[in-house]
Structure formats: structure tokens, C-alpha cells
Amino acid sequence: MSSAPSGRARVLSATPRNIALLARCLRDGGLVAVPTETVYGLAACALQEPACRSIFAVKGRPLVDPLIVHVASMEMAEPLAVWNKTARTLAAAFWPGPLTLVLPSIDAVPGIVTAQRPTIAIRRPVHPAFQALIGRCAFPLAAPSANPFGYISPTTARHVLDSLGDRIPFILDGGPCALGLESTIVDVCVPENPMLLRPGAIPRQEIESCLKRPCPSSKPSDGSPPSAPGMMDRHYSPRVRLRLFPHGSAPAAARDPNDAVLLFSRPRDPITLSTPSMYWLTENGDLAEAGRSLFAILRKLDERDHAAVHIEEPPSDGLGEAILDRLRRAAAPEPGTV
Ligand code: TXA
Ligand code: MG
């Protein structure tokens, strides 16, 4: 167990002793930041209203934005929702893993978790340390991403420590997240009509080929609040100004010497390569590598004093959809600005 100055989270590795300590903390209503294969989460016992309420307070998250409930097994997931064949097919194909299913809720968790909605979002993660912790708890864990609301999602324990370290007691360190993009969220309340609420670490095409039917995006057209804040216009946002440019084209007229350029893949041209403030998401165009590095690079760029960062959009196939979604939201203007 490592020690830390008081008022700062203790960062613990996943030893059996630490897992037992963290399970006790969660059982007693405390919060623990946890590693997952997608991004780090901020977990509380999903059955305890005050514990879940403190997640919202720590993140500065509006109470209208519901939490994902994480489970260790299908047995733990069954009593939380009304299951149907489409949901079971997707769970059998992709769990444990980066897929969140939205199903009709049966009020097994306090209303604060689901933001008083009639539905519940459930995910069975594959990260071994998180699985060990939920298994040890034997109750489901509500967990949003472990970042201040609206900021970039954390993909290392250090990211969590940097932005929430003075507000939580413990961080379970499971290493850098293997995928680096949040889970794909599919609303399966109407089994014949699955809807993609958030593109994520499982590409839409994989969901569609598993179900053998289309899985269109859901966007409220009536001006009602977004059904997932991944659908809010501005999210995942660093403080530095971001501007996107189309894949394969040259960055637009950005010639402030303080500007940076973030390319999709490593440039071949040695002159471009030696340009100061030039970064890239992947060495050779691999979308999985780009997804894994995206949030860490955005954080790094935010720490430097660039006037603006010009970012090349990824190719739009496969994981590119989720990467582009995060970039567009990160680059969206703040409400009330142009
Ligand atoms: O990969 C992930 O999903 C990570 C890790 C920690 O599991 N979690 C995550 O949580 O990204 P969060 O809170 O940052 O995003 C969860 C999304 C939000 O957009 C929320 O609105 C949506 O899930 N959500 C939760 N419950 C919902 C529900 N009942 N109906 C529709 N959307 C829901
Ligand atoms: Mg989030």
C-alpha cells in the first residue's frame, strides 16, 4: 500500500489485500476510482443513494445525467432490468467488454443512479482489477468516467490523481487503459429497434453484424435533453482551443507560431516531421492505437501553452466514428460563445 499526503488520494495496486480494503470502502459508502479497459471510472455502491449522490458532487455532474451500473456477471445484471432477446444476444457477444446496454429498469437501484428515468445503463467490464473489485463487493457499482464533468476522460491513474486527487480517498491503479475510448452505448429497450446512443470502443458495424440489423444513432429531434451526455455538443474538452481539419488535407491557415498540429498518423515527410509542435495519434494509421492515445495526447496538449491546436480528423470507418465523435465534442464552442 502506498502512502500519500493527507487530502490526496492513495493510489493502490490490485493486490488481494488492497481489493479487500477498497471493497470495504465501497460497502461503507465511499468512492473509489477504478481502472477499466475503456477509461478510469469513479465508482460507488449502486445501491446506496448518498454514495451515488457524492459521485455527482465530486465530478460537478448535473443530476439529470444518469450513471452506468457495472456488474461482475450476468447473474448480477439480471435483477437490474427487464431483459429481452436482443439485449441477451449483445451481452453474449460482447460481455465482458466495452458495451453498455440501456434497458427498461425495474427500480433495483436508487432513482439518482438512473436520473429518475425508466431505463438503466448496464455494463460488464473486462478489466481484471475492476472485475476482482466488483466480484469482491458482490454488489453492482455505479461509475461514470473519473473526470471533472465536461473535461477529458482519464486513461491512467495519474490523470485521475491530477484532476480529482484532492476529492477522493482511493485510486485503484490498473495501468493505462487498453482501449482508451468509452464503451459503446446501445439502447435495446425496443428489441426490434436498437439505437446507438454513443459510438465507442466497439464499432457500430460489429453491433450491426452481430444483430444482423441496422443500429442507427439516436438523437432527440424535439429539443428534449440529450439521452446521453456523450450527445451533449461540448464534452471531453481541454481548455486550449481546438480546430479540426479533414483527413488527408493540410491544416488550415494556422500560422500563429504558438499553434500546434495533431495529425492522425506519423508524417513520412522529414520536413513536416521536424516541424516544432507537430504531434500524431498513431505511428502507422492504426485506429486502435489512435483511440488508445487520444485522451492522453489531448491532456498533454492542454498542459502546453499553445494558442490553438489544429487536429486532423481520423478516417471515418470502424473506431474512427468514436474518435471523430470525441474530437467534435472536444472542439465544440462553449455555450454562449461562437
Ligand atoms: O466506458 C465507459 O462507459 C466508462 C467506464 C467507466 O465504464 N463510463 C462512462 O460513463 O463513460 P459516463 O458517465 O462518462 O458516460 C455514461 C453515459 C452518459 O452519456 C449517460 O448519459 C449515459 O451513459 N447513460 C447512463 N444511463 C443512461 C440511461 N438510462 N439512458 C441513456 N443514457 C444513459
Ligand atoms: Mg464521461
Side-chain angles (χ1 to χ4, degrees), residues 31-44 46 52 55-56 58-71 80-82 94-109 111-127 129-131 133-134 140-155 159-160 163-164 172 174 177-189 195-202 218-220 224-237 291 295 322 325-326 329-330:
L31 300 187
V32 175
V34 292
T36 91
E37 65 276 21
T38 58
V39 300
Y40 273 70
L42 182 59
C52 294
I55 290 180
F56 289 87
V58 163
K59 276 187 60 107
R61 180 177 175 113
L63 290 169
V64 293
D65 191 352
L67 306 177
I68 296 175
V69 176
H70 297 75
V71 296
L80 298 175
V82 183
F94 298 106
W95 278 6
L99 174 71
T100 296
L101 296 172
V102 171
L103 282 162
S105 142
I106 48 176
D107 296 333
V109 297
I112 193 163
V113 174
T114 55
Q116 319 296 337
R117 284 164 190 257
T119 56
I120 182 170
I122 311 175
R123 175 160 110 79
R124 184 179 167 203
V126 73
H127 193 293
F130 192 21
Q131 277 197 350
L133 183 60
I134 315 176
L141 294 177
S145 51
N147 50 288
F149 182 70
Y151 194 60
I152 304 162
S153 300
T155 54
H159 294 162
V160 183
S163 51
L164 295 180
L172 176 58
C177 299
L179 302 171
L181 293 168
E182 295 88 345
S183 61
T184 301
I185 307 181
V186 182
D187 182 332
V188 278
C189 290
M195 303 287 266
L196 189 75
L197 298 188
R198 177 175 71 183
I202 297 174
S218 149
K219 263 207 181 357
S224 63
S227 51
M231 294 169 76
M232 282 176 184
D233 282 347
R234 186 175 160 87
H235 209 72
Y236 312 106
S237 302
F295 289 141
D325 170 82
R326 304 305 187 268
R329 291 177 205 293

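The analysis underlying the following values was restricted to heavy atoms, covering all of them including side chains, and did not include hydrogens, waters or symmetry mates. Just follow the structure's listing: the first ligand is 1, and inside any ligand the first atom is 1.
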Selection from [options] by shortest heavy-atom distance to [atom]:
atom: atom 15 (O) of ligand 1; options: R198, E182, R123; result: R198
atom: atom 29 (N) of ligand 1; options: T119, D187, V39; result: T119
atom: atom 24 (N) of ligand 1; options: P66, G41, A201; result: P66

Ligand-residue contact atoms, ligand 1 with [X], heavy atoms, under 4.0 Å:
X: L197; result: 31 (C), 32 (N)
X: A121; result: 25 (C), 26 (N), 27 (C), 29 (N)
X: I68; result: 3 (O), 8 (N), 9 (C), 10 (O), 16 (C), 23 (O)
X: P144; result: 10 (O), 12 (P), 13 (O)
X: S183; result: 1 (O), 2 (C), 3 (O)

Q: In plain terms, say whether R123 and E37 are close enough for a salt bridge, that is, a side-chain N and a carboxylate O under 4.0 Å apart.
A: yes
Q) Counting only N and O atoms by type, is there a donor-acceptor contact under 3.5 Å from the side chain of T184 to the main-chain atoms of I202? A) yes
**Q.** S145 near the Mg ion (ligand 2): N/O/S under 2.8 Å
**A.** yes
Q. Is it the side chain, the backbone, both or neither of I185 that has a heavy atom closer than 4.0 Å to ligand 1?
A. side chain
Q. Closest heavy-atom contact between P96 and P125?
A. CB-O, 3.4 Å
